[in-house]
Amino acid sequence: GFGDVIQGPWLMEQMKEQAVKVGTQFHHDIVNSVKFDDKPFLAETDSGITFNSKTIIIATGAQARWLNLESENKFKGFGISACATCDGFFFKEKIVAVVGGGDSAMEEALFLTKFASKVYVIHRRDQFRASQIMQDRVLNHEQIEVVWNKTVEKINGDGSVSSIELKDVENETTSELELDGVFVAIGHDPNVKFLDGLVELDEKGYIKTGFTTETSTSVPGVFAAGDVADSLYRQAITAAGTGCQAAMDVERWLDH
Ligand code: NAP
């Protein structure tokens, strides 16, 4: 850990620099499809380049889930965000809401208190799913107010967000809350679409691992690390740990 608070993106940059120093080549691209039936494996990218490899580690992570409201799409980047670390700064002295009741929502809400004057946490039930320590921090924070048993039905504004419409899950009454921004923190989905079913997934849609070694997948020679194979812990430190395991598994795989 770090004695002084650091930001995730900075940590990522440092890790990348370290990898470059020991000879890693970075190529930024989007993998659209893979072929695992023959060796070498193939990974086809957006830029037209096809990568051939004897083995592959999938570490494509998971991405934020959205509420799927029409009005949400309209305001993405104009008051609707799924990343307080990225966008919190733009809400200095403003009123914002965080939607969700898990650890991500608690973390986002606490982070936003550094900038916003008031933070609402809107949750669809009457209790949080988050760990007790995170809940306690939120519930005891003077800038945070929790709105229980409400769902967001619509986001209003003219150019940028000015209010949201809420529905009470118990009596279906609606109400309006004036604010400047909404942070959606309702979980993540693993980035597995490009695999097109070639690798076995678990019941939550994450890559299933542990077939022969810890990070092995259903396809021999294909390994997975980080959030794409982990719906439970999803921490930077656990992702880094499985990354290390995958690298060691690959080394042994190539040796054999
Ligand atoms: P999560 O634990 O799955 O929580 C998602 C929350 O969003 C739940 O409270 C859920 O409500 C709510 N939700 C889901 N769909 C919704 C919808 N359509 N409308 C309104 N609300 C909706 O996800 P997470 O918070 O991203 O956390 C995922 C994992 O990462 C957890 O294991 C968590 O502990 C870990 N994590 C840890 C930390 C940390 O330790 N610092 C930080 C972030 C994440 P219900 O409760 O009613 O289902």
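Please read all numbers here as calculations on a predicted model, not as lab measurements. Every number for a ligand or one of its atoms is a count from 1 in the order of the listing. Residue numbers run from 1 in the order of the sequence given. When reading the values below, keep in mind they use all heavy atoms of this one structure, side chains included, and skip hydrogens, waters and symmetry mates.
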- How far is atom 11 (O) of ligand 1 from its nearest protein heavy atom, and which residue and atom is that? Arg124 NE, 3.2 Å
- Protein heavy atom at shortest distance from atom 46 (O) of ligand 1: Arg125 NH2, 2.8 Å
- In terms of hydrophobic clusters joined by side-chain contacts under 4.5 Å, are Ile144 and Ile95 together? no
- Query: Any idea which protein heavy atom is nearest atom 29 (C) of ligand 1, and the distance to it?
  - Reply: Arg234 NH1, 3.2 Å
- Between Thr113 and Gln143, a side-chain donor and acceptor under 3.5 Å: no
- Item | More than 12 heavy atoms from other groups under 6.0 Å of NZ on Lys54 | no
- Between Ser231 and ligand 1, does any nitrogen or oxygen pair lie at a separation below 3.5 Å? no
- Query: In the protein, which heavy atom is nearest to atom 48 (O) of ligand 1, and how far is it?
  - Reply: Arg129 NH2, 2.6 Å
- Message: With rounding to the nearest 0.5 angstrom, report the CE to CD distance, Met106 to Gln132.
- Response: 11.0 Å
- Task: Taking only heavy atoms of Gly187 into account, list the atoms of ligand 1 that are under 4.0 Å away from them.
- Result: 23 (O), 26 (O)
- Answer yes or no: does an N/O atom from Leu67 fall short of 3.5 Å to an N/O atom of ligand 1? no
- Item | Ile80 reachable from Leu166 in the ILVMFWY side-chain graph, under 4.5 Å edges | yes
- Which heavy atom of the protein is the closest neighbour of atom 33 (C) of ligand 1, given with residue, atom name and distance? Asp103 OD2, 3.5 Å
- Nearest non-hydrogen protein atom, atom 7 (O) of ligand 1: Ile186 CA, 3.3 Å
- Region of His123 engaging ligand 1 - heavy atom pairs below 4.0 Å: side chain
- Message: Counting only heavy atoms closer than 4.0 Å, does ligand 1 sit against the backbone of Gln235, its side chain, both, or neither?
- Response: side chain
- Given Val99, Val152, Ile122, the one that forms side chain to side chain contact (heavy atoms under 4.5 Å, CB included) with Val182: Val99
- Atoms of ligand 1, numbered as shown, that sit under 4.0 Å from any heavy atom of Gly101: 6 (C), 7 (O), 8 (C), 9 (O)
- Item | Numbered atoms and elements of ligand 1 in range of Glu107, under 4.0 angstrom, heavy atoms | 39 (C), 41 (N), 42 (C), 43 (C)
- Query: Short N/O distance, under 3.5 Å, between Leu232 and ligand 1?
  - Reply: yes
- Relative to Tyr120, does Lys118 satisfy both conditions: NZ or CZ under 6.0 angstrom from the six-membered ring centre, and within 45 degrees of the ring's axis? yes
- Query: Does Thr217 use its side chain to pair, donor to acceptor, with the backbone of Val222 at less than 3.5 Å?
  - Reply: yes
- Item | Verdict with supporting geometry, Asn156 and Glu176, side chain to side chain contact (heavy atoms under 4.5 Å, CB included) | CA-CA 10 Å; Asn156 301 316; Glu176 194 169 335; 3.9 Å; yes
- Keeping the roles fixed (side chain from Thr215, backbone from Ala225), state whether a donor-acceptor pair exists under 3.5 Å. no
- Query: Between Arg65 and ligand 1, does any nitrogen or oxygen pair lie at a separation below 3.5 Å?
  - Reply: no
- Message: Given Ala130, Ser104, Ala236, Gly100, identify the one with the heavy atom nearest to atom 25 (O) of ligand 1.
- Response: Ser104
